[in-house]
Asker: 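Input: one structure, supplied below.
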Protein chains: 2
Amino acid sequence: MGTPRTYTYDYPMPAVTVDCVVFGWDDNDLHVLLIERGEKPYEGQAALPGGFIQVGRESLEQAARRELEEETGIRNYHLEQLGTFGNPDRDPRYHVVTVAYFALVRKSDHRPRGGTDARSAAWCPLDEVPSLAFDHDEILAVAKKRLYGKLRYKPLGFQLLPRKFPLRDLQRLYETASGGEVDKRNFRKKVLEMGILEDLNETESDVAHRAARLYRFNESAYRKRSRDGWHFEL
Amino acid sequence: MGTPRTYTYDYPMPAVTVDCVVFGWDDNDLHVLLIERGEKPYEGQAALPGGFIQVGRESLEQAARRELEEETGIRNYHLEQLGTFGNPDRDPRYHVVTVAYFALVRKSDHRPRGGTDARSAAWCPLDEVPSLAFDHDEILAVAKKRLYGKLRYKPLGFQLLPRKFPLRDLQRLYETASGGEVDKRNFRKKVLEMGILEDLNETESDVAHRAARLYRFNESAYRKRSRDGWHFEL
DNA sequence: GCCTGATAGTGTGATTGTCACACCCAAGCA
DNA sequence: TGCTTGGGTGTGACAATCACACTATCAGGC
């Protein structure tokens with residue numbers, strides 16, 4: 001559509017892309033969403049989903065959301081900027097500056113292989129990630145570090161868990177992030193005393209043991225406490 | 001030098017710049033380094049120092065350091081990436097994506113108006129900053145928030161203070177960042193027990209009151225403790 | 001040289017938060 | 001019905017945090 005044309009500048013220009021590190025949680029493990037590249041540099045290799053920004057037409061965050069939705073069909077997720085990577089040789093073709101984003105999604109909200117179309121997007125457990133295209137290994141490493149750090153002092157874990165969850169699952173997630181074990185009783189006491197979880201008076205079903213109570217993150221309670229100078233920490 | 005030429009692409013390209021928020025500390029107040037714009041959009045208005053990256057030739061951090069050194073002559077400072085701003089209309093001319101950096105310098109290391117040349121760079125107290133060009137107000141706001149947050153859990157304050165400093169000054173800096181007052185005795189005890197300050201057995205001179213002892217940040221002690229899983233917090 | 005104003009430096013006790021720890025309970029399944 | 005699995009609950013020891021007030025030292029002015 002439209003006549004082919006070209007764009008001329010007085011100086012060399014870099015290309016700008018966005019790449020997204022999408023984390024999902026699956027009962028026991030963190031997963032990242034990877035695509036398989038269908039085009040030339042690094043064709044066939046795994047990479048982070050992303051693409052070029054539409055110059056003059058969208059903000060960086062809009063570009064990240066657009067790419068994510070196009071390539072993976074996911075919606076409703078936490079998204080924040082992670083950092084920008086711009087070494088001149090990070091793309092073998094020419095100078096590409098990429099703005100990396102960091103997304104947290106509820107895997108349970110999206111049908112197992114949500115792929116609307118195009119290149120295959122698939123969840124990959126964090127400790128089985130293959131070598132990635134470009135400098136995406138480095139980007140992923142930064143994202144991991146940021147996620148683990150941030151889970152402790154921002155209530156981001158609730159963006160990964162299903163809306164209703166038992167405390168056990170919350171604890172597992174935090175143990176994964178901190179790399180250590182946590183005492184069950186202390187964990188429960190601490191979390192419940194924060195007053196940001198709503199007890200749903202429901203229990204799990206279909207489990208082969210005593211069913212656990214389900215809770216929901218109470219965002220407005222969280223915001224109220226935050227306004228009063230309190231801050232989340234686990 | 002070199003023949004004038006142009007650069008042609010199949011797609012529209014954004015420009016990429018770096019901008020630096022440079023903080024300095026002056027006994028009692030935080031200052032930011034601002035330049036006065038000498039060129040068209042926002043000519044004559046205050047702005048953050050920065051400029052275009054050299055496409056294909058330097059990384060983003062190299063670009064930030066180059067621009068800072070060119071425009072202000074400062075050297076030896078802490079520099080980290082702050083975030084990237086890329087709304088299509090943030091520059092009235094065309095789509096410019098800017099990668100913001102965040103620098104901490106010892107004002108005492110640099111002669112009062114270090115300007116090597118070119119446009120005038122000047123320190124401005126944080127609470128007297130005028131309205132800035134582009135979206136630099138927003139960038140500065142993000143930087144301030146990041147600085148205040150980070151001072152509490154990373155030993156960045158020592159990058160702002162002179163190498164030898166009395167505890168009083170350290171306390172002032174932290175009070176500024178946290179917006180509250182702190183008990184002198186508790187502060188001293190806490191800081192000294194960290195074991196990351198070296199007592200120089202020297203005192204201030206030329207003060208109209210009892211001279212305070214001077215201390216120095218002991219980076220290797222800090223790193224050793226960090227490796228053992230300890231973390232800085234004030 | 002002595003008085004004054006300004007800031008440096010120092011210890012304790014009360015309170016609060018953090019941590020480690022073990023047992024009984026409910027439900028599904030064989 | 002009993003075995004297995006994980007759910008749910010309280011207390012006491014210890015450590016960290018907080019609030020708090022006085023004496024010491026220096027420079028400058030009188």
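Note that the structure is predicted; figures quoted are calculated from it, not measured. What you see below is based on every heavy atom in this structure, not just the backbone, and it leaves out hydrogens, waters and symmetry mates. Sequence lines set the chain letters: A, B, ... in the order given, protein chains first and strands last, and positions in each chain run from 1.
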Asker: For E204(A), which of R213(A), R210(A), K164(A), R168(A) qualifies under side-chain contact (heavy atoms from CB on, under 4.5 Å)?
Answerer: R168(A)

Asker: Please check if the number of heavy atoms outside N28(B) that lie under 6.0 Å from its CG is greater than 12.
Answerer: yes

Asker: Let me know the distance between CZ of F187(B) and C1' of dG9(C), rounded to the nearest Å.
Answerer: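 F187(B) atom CZ is separated from dG9(C) atom C1' by 15 Å.
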
Asker: Within a radius of less than 6.0 Å around NZ of K154(B), do more than 12 heavy atoms belonging to other residues, nucleotides or ligands occur?
Answerer: no

Asker: Compare every heavy atom of D19(B) with every heavy atom of G50(B), then report the nearest pair and how far apart it is.
Answerer: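 Heavy-atom minimum between the residues: CA-OD1, 3.6 Å.
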
Asker: Using chain A heavy atoms and a threshold of under 4.0 Å, write down where along DNA chain D the contacts begin and end, 5' to 3'.
Answerer: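 Nucleotide range with atoms under 4.0 Å of chain A: dT5(D) to dT11(D).
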
Asker: Take L167(A) and V207(B), find for each the nucleotide of DNA chain D with the closest heavy atom, and name the residue whose nucleotide sits nearer the 5' end.
Answerer: L167(A)

Asker: Taking side chain to side chain donor-acceptor pair (under 3.5 Å) as the test, write out the residues that go with S205(A), two or more places apart.
Answerer: none

Asker: What's the separation between atom CG in L170(B) and atom CZ in F187(B), rounded to the nearest 0.5 Å?
Answerer: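 So the CG of L170(B) and the CZ of F187(B) are separated by 4.0 Å.
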
Asker: Categorize R188(B) for me: base, sugar-phosphate, or nothing, with a 4.0 angstrom heavy-atom threshold over every strand shown.
Answerer: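 The residue R188(B) makes base contact.
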
Asker: Using a 4.0 Å heavy-atom cut-off, write out nucleotides 14-25 of chain C from 5' to 3' as B (base contacted by protein), S (sugar-phosphate only) or - (no contact).
Answerer: -----BBBB--B

Asker: Hey, does A212(B) reach any base, or is it just sugar-phosphate, or nothing, if we go heavy atoms under 4.0 Å?
Answerer: sugar-phosphate

Asker: Please work out which of the three classes, parallel, tilted or perpendicular, describes the rings of F158(B) and F232(B), given edges at 30° and 60°.
Answerer: perpendicular

Asker: A208(B) or A211(A): which one's nearest nucleotide on DNA chain C is closer to the 5' end?
Answerer: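 Going by which nucleotide is closer to the 5' end, it is A208(B).
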
Asker: F85(B) and F134(B): side-chain contact (heavy atoms from CB on, under 4.5 Å), yes or no, with the steps?
Answerer: CA-CA 11 Å; F85(B) 298 76; F134(B) 306 107; over 6 Å; no

